[in-house]
Every structure is written in structure tokens, then in C-alpha cells.
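The structure under discussion appears below in the form of C-alpha cells.
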There are 2 protein chains.
Amino acid sequence: MHENGAMPASDVVEQQEQPWNRRRLRSANERLLLDRLRAHGAASRAQLARETGLSKPTVSSALASLEAAGLVREAGTRAPERGRTAVLYAPDPAAGYALGVDIGRGWLRVAVADLDGTVVARADVRNRARASAALTDLVVTTAREVIADSGVDAAEVVHGVVGTPGVYDGEQRRVRYAMHLPGWGRAGLVDRIREELGVPLEVHNDANLAALGEYTYGVGAGSRLFAYILIGTGLGMGIVGEGRLFTGAHGLAGEIGFLPWQDRQQPERLEDAVSGVAVVEAARGFGMRGRLTAKAVFDAARQGHPAAARAVEVEAERIAHTVAAAAAVLDPDLVVLGGGVGHSVDLLLGPVRERLRALTPLRPRIAPSRLGADAVLLGAVATALDTARDRVFERRTAGT
Amino acid sequence: MHENGAMPASDVVEQQEQPWNRRRLRSANERLLLDRLRAHGAASRAQLARETGLSKPTVSSALASLEAAGLVREAGTRAPERGRTAVLYAPDPAAGYALGVDIGRGWLRVAVADLDGTVVARADVRNRARASAALTDLVVTTAREVIADSGVDAAEVVHGVVGTPGVYDGEQRRVRYAMHLPGWGRAGLVDRIREELGVPLEVHNDANLAALGEYTYGVGAGSRLFAYILIGTGLGMGIVGEGRLFTGAHGLAGEIGFLPWQDRQQPERLEDAVSGVAVVEAARGFGMRGRLTAKAVFDAARQGHPAAARAVEVEAERIAHTVAAAAAVLDPDLVVLGGGVGHSVDLLLGPVRERLRALTPLRPRIAPSRLGADAVLLGAVATALDTARDRVFERRTAGT
DNA sequence: GCCTCTAGTAAGGCTCCTTAACTTTATCGG
DNA sequence: CCGATAAAGTTAAGGAGCCTTACTAGAGGC
């Protein structure tokens with residue numbers, strides 16, 4: 001189910017098939033401690049011993065190894081009610097860095113984060129590239145600049161994730177179904193970026209990453225299963241269950257642009273009916289004139305313009321249809337609306353909920369995106385961090 | 001995501017949080033060997049050592065422990081090209097037994113299987129119960145009979161799984177949304193069965209179990225992600241990814257009866273439009289007369305009856321709509337059609353595929369159920385076996 | 001009969017965990 | 001100010017389980 005772009009993360013299943021010799025035991029316990037520190041924050045050795053069930057000497061020695069490997073560092077002290085003050089340990093965020101890239105139609109965004117997930121450098125650049133070479137160049141130079149800005153040695157950037165519309169086909173080494181990015185479907189582009197940057201890269205669908213971003217940093221935190229609906233130039237959905245992406249058999253899960261949809265009017269594909277363009281078309285249909293954008297229509301609706309208001313109603317109904325279909329198939333506990341319409345979700349939320357009541361008895365919580373335009377970038381960072389943490393651990397403990 | 005009915009399987013996540021002391025290492029290696037034997041069949045000690053990466057002495061001693069615990073037994077010999085003949089070991093199927101129950105509207109089916117998955121006893125009984133007490137009694141007495149038939153000591157039946165329409169609500173201790181089973185929604189019924197049988201029980205949705213059945217014993221084997229659509233009195237879908245059930249946030253995933261559906265005609269809910277009853281209604285609408293059943297309509301269509309043929313066409317279109325929605329959201333590599341219409345899938349398959357071409361560019365493989373009416377029962381058995389194997393391993397290795 | 005090849009066992013050593021006792025350092029109460 | 005107490009952390013002894021090496025057991029080829 002985990003359809004990585006390239007450079008797949010170390011295969012968990014195979015690792016579990018490995019036998020349990022002593023070396024793996026040691027490493028498993030070090031890993032246990034490190035994960036605990038990441039999840040619950042700094043802690044003393046005695047505390048870790050109590051919480052993990054390991055003995056105090058074991059914790060001491062494992063922590064010493066982790067510190068020697070640069071994975072963990074002292075982080076202040078804490079005085080208990082009475083007794084000796086405890087020395088606290090915390091993961092060293094500077095043990096490695098991850099790179100996140102969001103290649104969108106209008107903007108290219110790049111960020112570098114440390115292992116704590118703190119973004120240490122970032123750039124947002126207009127994407128005016130109209131050919132594949134220009135785009136790859138832009139990505140490479142921007143990424144280099146951001147890494148330079150961060151003051152981090154390039155070799156410390158352990159892993160990167162690129163978000164893009166469409167789906168990366170690892171065999172043909174190219175992105176498919178990315179209609180809105182000119183030239184971006186050519187083969188070998190990602191390989192070129194990877195080579196020039198010297199960083200292992202994965203490529204993922206932007207809606208999927210946005211979902212992961214909302215899960216890690218946003219409104220999806222703690223959800224058992226939620227769907228992120230990205231409504232912009234295109235239409236996409238990302239699904240996150242138990243903190244992991246649900247990508248389907250071929251990486252096409254959530255391609256809700258393909259949902260069947262027979263309107264009274266023309267549009268045959270749902271994508272054409274829900275995306276930003278459709279709002280404009282609907283507004284025109286109801287009699288609005290002038291140079292319209294989706295944003296303009298929403299703004300007009302907010303001011304009480306009747307044709308715009310009706311266009312928004314139509315859009316809400318279509319979104320409700322999408323949500324209803326997703327709810328019936330997936331049973332999420334949360335649906336997040338994001339993408340280009342993010343700014344206008346306040347207008348849509350009420351009507352969508354109302355239409356939904358008429359469509360289905362299932363009513364998942366519906367919430368606007370908290371991260372807005374940053375969702376994809378932060379999702380890319382979060383995903384890159386996941387494997388970066390593994391890689392750093394492996395690299396640094398292997399040397400010992 | 002794993003919404004068990006009750007008596008949840010040992011929580012994997014918590015187990016992974018446990019520290020790795022030597023006892024767990026031993027047990028992990030024994031487990032590794034046992035799983036390998038189950039997956040790839042009988043093997044010698046030397047062979048296991050080569051394949052798992054453990055040393056020969058370790059394999060020998062672990063296998064000796066497993067044999068002493070009754071989990072593994074000698075299973076003949078094999079002579080290599082030259083050299084000493086090897087003694088083969090295989091999992092002992094008689095180390096424990098699992099119980100599967102399928103509570104359907106028309107039939108109650110019960111089976112007992114050994115740890116190899118071989119059904120050792122089975123009964124199919126008409127379900128004429130019209131009240132909750134009668135149904136629970138029928139389940140209990142039938143299960144007792146089957147266990148007695150199998151010649152297995154009741155204490156050796158380690159785990160059971162019950163399949164039913166609807167969804168089990170573990171908090172309220174009752175089955176919800178099971179419209180077609182009179183009285184079956186009352187609270188505490190499952191607890192009563194569990195008590196009277198003295199077997200730990202889980203309850204799962206029938207479509208979900210059917211999907212698992214097709215995955216384990218049927219046409220879904222090896223699929224990365226597939227959906228089983230159960231079309232009978234009701235309409236349901238089970239989703240299996242990487243061999244595990246996908247149940248959604250509240251166990252309602254695949255409740256495609258709730259898919260939005262606006263037909264030119266009346267039915268508002270898809271369930272009413274696709275189920276067996278709907279076929280009959282459609283046939284009547286096209287002018288068929290007499291006492292009709294779904295089966296009768298399909299038979300007539302096979303004979304060339306024009307109204308019946310048109311009713312089947314309509315049904316195919318509705319199924320195609322369902323498949324298209326599932327495909328867009330989930331991206332399965334396989335969709336299995338089963339349930340009451342199972343016998344008539346040959347008639348539907350062609351038209352469904354044809355309609356699908358018009359609806360969406362995504363075209364997962366569509367196949368008829370291989371297990372037919374046994375899918376739910378075998379799925380229940382397979383699910384029960386999963387946890388039964390764990391339980392038996394824990395119980396028998398704990399004593400050592 | 002001897003060689004070769006594979007299966008399986010025995011002995012010794014290594015790693016890493018645990019238990020238990022001990023040291024260190026803090027607060028509290030007189 | 002000093003001993004009692006309590007918590008943090010270390011040291012030392014012991015043990016469980018794995019690996020390596022070296023061996024024995026049994027089957028076939030020459």
C-alpha cells in the first residue's frame with residue numbers, strides 16, 4: 001500500500017523477518033528509548049527506566065551509547081520533591097535534517113527542518129517555469145539556497161520529500177496525471193533533482209502530503225482516520241489512517257476527480273465540477289460578468305451578490321456529494337477542506353453540512369484546513385522526517 | 001482502525017512498546033520460526049537456520065521448546081541430494097481450534113477449524129428465528145453440536161468470530177444497523193452467547209468477513225487492496241488491504257448503502273436501489289408479472305425475457321456506479337462481487353464492465369466471488385484463526 | 001572402505017540484561 | 001547543623017540466550 005516514489009524507506013516487513021540476535025536487541029532498546037523521548041519529551045534515566053520497564057543500568061548504558069552517537073543530548077535538570085536532582089535527556093534535533101518541497105502551479109515552496117520538526121529555513125518562490133528544464137532548475141537552486149540559508153551542512157540533510165500534483169510512477173520514473181504543470185510529466189526529472197542535490201528523494205501526491213501535514217501539525221492531529229479534500233486548480237483527496245497514508249493499490253487512492261457524477265448540466269467529471277474553475281463557470285451561468293476568479297466570486301458572495309451566492313451554493317452541493325461518497329466508503333471521523341478554497345471555507349462550511357444532512361446519515365466532522373497553503377509543504381517535511389529519523393538512527397548506530 | 005467487537009486481540013502496538021529483554025528475544029525467535037513454518041510449510045532445522053539467519057543450535061533449541069509446548073511436531077523426513085536425511089518439522093494443527101459463525105437472515109452457519117485452517121466440523125441450519133432469544137439459543141446449540149461433532153475438547157476452542165449484518169457496538173454491547181434480523185439489535189446478546197459457549201468472541205460485519213474470506217481462501221489472495229461487494233438482502237462492502245481489514249474510524253467503512261445516489265426515479269438510498277429487492281422492483285417496472293424473486297428475474301433474463309434483461313441492465317448500471325465510487329476513493333486492484341447475486345454474476349459482469357468504461361478511467365479487475373455463500377463463514381474462521389494462533393502461542397509458551 | 005556432503009549436537013565465549021547493593025545528592029525535621 | 005529519608009544514578013555479580021567452532025551422525029558415490 002505504501003507506494004513510494006523512489007528510494008523506498010527501509011522495508012519494515014523485511015526487517016521484522018530478521019532474526020533477533022543480540023545486536024538487534026541492543027538497537028531495539030535504544031530505539032525504544034529514543035522514540036519515548038521524542039513522544040513524551042525530555043526525561044531522566046530513572047524515569048525512562050520506570051516507564052519503559054528496562055532496568056536502570058540498561059537505560060544508563062543505552063543512553064550513553066545514544067549520546068556518543070550524537071542522537072541524544074543532556075537537556076537541563078529537574079529537581080524531584082526530594083532527592084538528588086535528575087539529569088534530563090532529549091533527542092538532539094541537530095542529528096540530522098529533512099527537506100520538504102511543494103511544487104505547485106503557482107508557487108514553489110521549500111523548507112528544511114531539524115529532527116524535532118522545527119523548520120530552520122524556508123523559501124516561497126513564484127513558479128513561472130513553463131518548461132521542464134526551467135522547473136527542475138528552479139527546484140534545485142531554491143533548495144540549495146534554503147539549505148545554505150539554514151547554515152546546515154548539505155550532507156546533514158538526510159532525506160527529502162517532494163509534493164506534486166499527480167502520481168509518481170517509480171518504474172517509468174516520471175510523474176503522471178499532472179495536467180496543470182507544463183512539462184512536468186517527462187521522465188527522469190526527479191532523478192535529475194536527486195542527483196544534483198545529492199539527497200535521497202521521495203515523490204508523493206500533493207493531496208496526500210497535505211493530509212499528512214494536517215495530521216502532524218494541524219487539525220487532523222489525533223484522528224483515527226481522516227480525509228483531506230484539496231480543492232484548487234484540481235481536485236484531490238488524501239487519506240490518513242493511524243498516522244499513515246492510505247495510498248491504494250497503485251497510489252491512486254483519493255483520486256476523487258474520477259468520482260461518477262451526473263449533474264443536470266454538462267460536466268461529466270467531478271473534478272471539472274468542483275475545482276476553482278467550476279465556481280467561476282457557475283457564477284457566469286447565474287449571470288455574473290467581468291474578469292472572474294474563484295476568489296472574486298467568493299468575495300462577491302460574502303458581500304451578498306445573489307449570483308455569486310448561488311454559485312457558492314452549487315459548489316457546496318458538489319462538495320457535499322464528494323464528502324458523502326468518501327464517508328460511505330471510508331468512514332472517516334474527520335473531513336478537512338483545504339486548497340485554494342481554503343480562504344473561503346467559512347462560506348462553504350454551513351451549506352456543505354446542510355446538504356450533507358440530506359444526502360447521508362453519516363456525518364463526519366468537517367473542518368477547514370488549519371495550515372492553509374502550507375499543508376503540502378509541511379506534509380512533505382513531516383514525511384521526510386519520518387524516514388530521516390530512521391536513516392539517522394541507522395547511520396549513527398551502525399558506526400558504533 | 002481495528003474496531004473489534006469485544007475481546008480485542010492482544011494490542012500489537014502496546015507489545016511493541018515493551019522492552020526487549022532476553023525472554024522476549026527467545027519468544028520472538030520461536031515466533032519467527034513458527035510463522036515461517038506456517039507460511040512455507042514443513043522444513044528441517046538446517047533449512048530454517050539458512051532461511052531465517054539464525055544459527056543451527058539456536059534453531060534446534062527453539063524448535064525443541066516449541067515441540068515441548070505442543071506447537072510444533074515432526075512431520076516426516078526429506079533426503080537431500082546427498083548427505084544425511086533431514087527431519088522435517090511442521091506446526092501442529094491440533095494445538096488449538098477456532099470457531100466461525102455466520103448469522104445470516106436465511107441461514108446460520110457454524111464451523112470449527114484447526115490451526116492449519118482446515119475445517120474439521122461444520123453445520124448449516126435454516127434460521128427461522130423470529131426473536132432474539134430464539135436466535136441466540138439456535139446459535140449456542142448449533143455451535144455446541146458442531147464442537148461435539150468435531151471431537152475436539154471445548155476448552156481447545158480458543159477463539160471465535162461471529163459475522164452478522166450491521167456493526168457491533170462494543171460500548172453498548174449490541175449490534176446496530178442490522179435491520180433484517182428481527183430482535184438481533186438487543187443489547188447483551190453476544191455476551192450471552194459468549195458466556196454460554198465459554199469461548200472468547202469477536203463480532204464483525206458480514207461483508208468485512210466475506211472480504212477476508214475471499215482474501216484467505218478465495219479470489220482475493222495476493223491482492224494488495226481489494227473490495228468485496230456483498231449484494232443480497234442488503235448492500236455492503238468489505239475492504240482488505242495488505243491482508244488486514246480496513247474498518248474506518250467507527251467500523252462503518254464500506255457501508256456503501258449510504259452512497260449518495262440520485263436516480264431519475266425514486267430511490268434515495270443506494271442500498272434500496274441495488275439490493276435483491278430492487279431487481280424485482282425494476283423487473284416489475286418493466287412489466288414482469290407474477291411472484292418474483294431476484295433469482296427468478298435473473299433466470300428469466302438468461303432465457304431472453306426482455307423485461308428481465310432490462311432489469312438486469314439497470315442493476316448492472318447501479319453496481320457500476322458503486323464500483324466507480326469505490327475505485328475513485330480507494331484505488332483497489334480488485335473488486336469482487338458476491339452475496340445473493342453470486343449465482344448471477346455471469347450475467348452482470350459484462351454489463352458492469354461496460355458501464356464502468358463510461359463512468360471512470362479507473363478500471364480495477366472485477367471478479368465474481370469464488371466462495372459464494374461460504375465467504376462470510378470462511379472469513380469468520382480466518383479471522384478467528386488469526387487471534388487463535390496468537391492466543392495458543394502465548395498460552396503454551398507462557399507455561400514453559 | 002574411504003571420501004564427500006548434509007544434518008544435527010556439544011562446548012565455550014560473548015553480549016547484554018537484571019538484580020542487588022552501594023554512592024551521591026537533595027530535602028526535611030529537629 | 002546533623003542525621004533520616006528519598007530519589008538518582010553507578011558498580012558488581014549473575015544469568016539467559018545467541019553465535020562460533022568443532023565435532024558426531026548418517027547417506028551416497030567411487
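A, B, ... follow the sequence lines: proteins, then strands. Residue 1 opens every chain.
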Salt bridge flag under 4.0 Å for residues R122(B) and D374(B):
yes

Whole angstrom value for the distance that separates C1' of dC18(D) from CG of L54(B):
9 Å

Do the side chains of I239(A) and N208(A) get nearer than 4.5 Å, heavy atoms only?
no

With a 4.0 Å cut-off on heavy atoms, is R78(B) in touch with a base, just the backbone sugar-phosphate, or nothing at all?
nothing

So, do T216(A) and L378(A) sit near enough that their side-chain heavy atoms are less than 4.5 Å apart?
no

Check whether any side-chain N or O of R45(B) sits under 4.0 Å from OP1 or OP2 of dT9(C), and answer yes or no.
yes

Taking only side-chain N and O atoms of N29(B), does any of them lie within less than 4.0 angstrom of OP1 or OP2 on dG17(D)?
no

Could you report the tightest heavy-atom contact between L212(B) and G243(B), atom names first, then the distance?
CD2-O, 3.8 Å

Which residue in the set R396(A), R395(A), R391(A) passes salt bridge (charged side-chain N to carboxylate O under 4.0 Å, His left out) when paired with E156(A)?
R396(A)

Over how many whole Å does the gap from R50(B) atom CZ to dC19(D) atom P extend?
16 Å

In whole angstrom, give the distance that lies between atom CZ of R24(A) and atom C1' of dC17(C).
17 Å

Rounding to a whole Å, what distance do you find between E30(B):CD and dC18(D):C1'?
13 Å

So do T52(B) and R36(B) actually touch side chain to side chain, heavy atoms under 4.5 Å?
yes

Report yes if the side chains of V101(A) and L201(A) come closer than 4.5 Å at any heavy-atom pair, otherwise no.
no

Heavy-atom contacts, protein to nucleotides 25-30 of chain C, under 4.0 Å, summarised as B (base), S (sugar-phosphate only) or - (none) per nt, yield BBS---

How long is the line joining CZ of R23(B) and P of dT15(C), in whole Å?
23 Å

I'd like to check T383(B) versus T387(B) (side-chain heavy atoms, cut-off strictly below 4.5 Å). Are they in contact?
no

For DNA chain D, the residues among residues 55-64 of chain A that have a non-hydrogen atom under 4.0 Å from it
K56(A), P57(A), S60(A)

Taking CG from L33(B) and P from dG17(D), how many angstroms apart are they, rounded to a whole number?
15 Å

Nearest whole Å is fine: how far is dA8(D) P from Y89(A) OH?
14 Å

Just the rounded figure in Å: distance from C1' of dG8(C) to CD of E74(B).
12 Å

Are there over 12 heavy-atom neighbours, none belonging to R38(B), within less than 6.0 Å of that residue's CZ?
yes

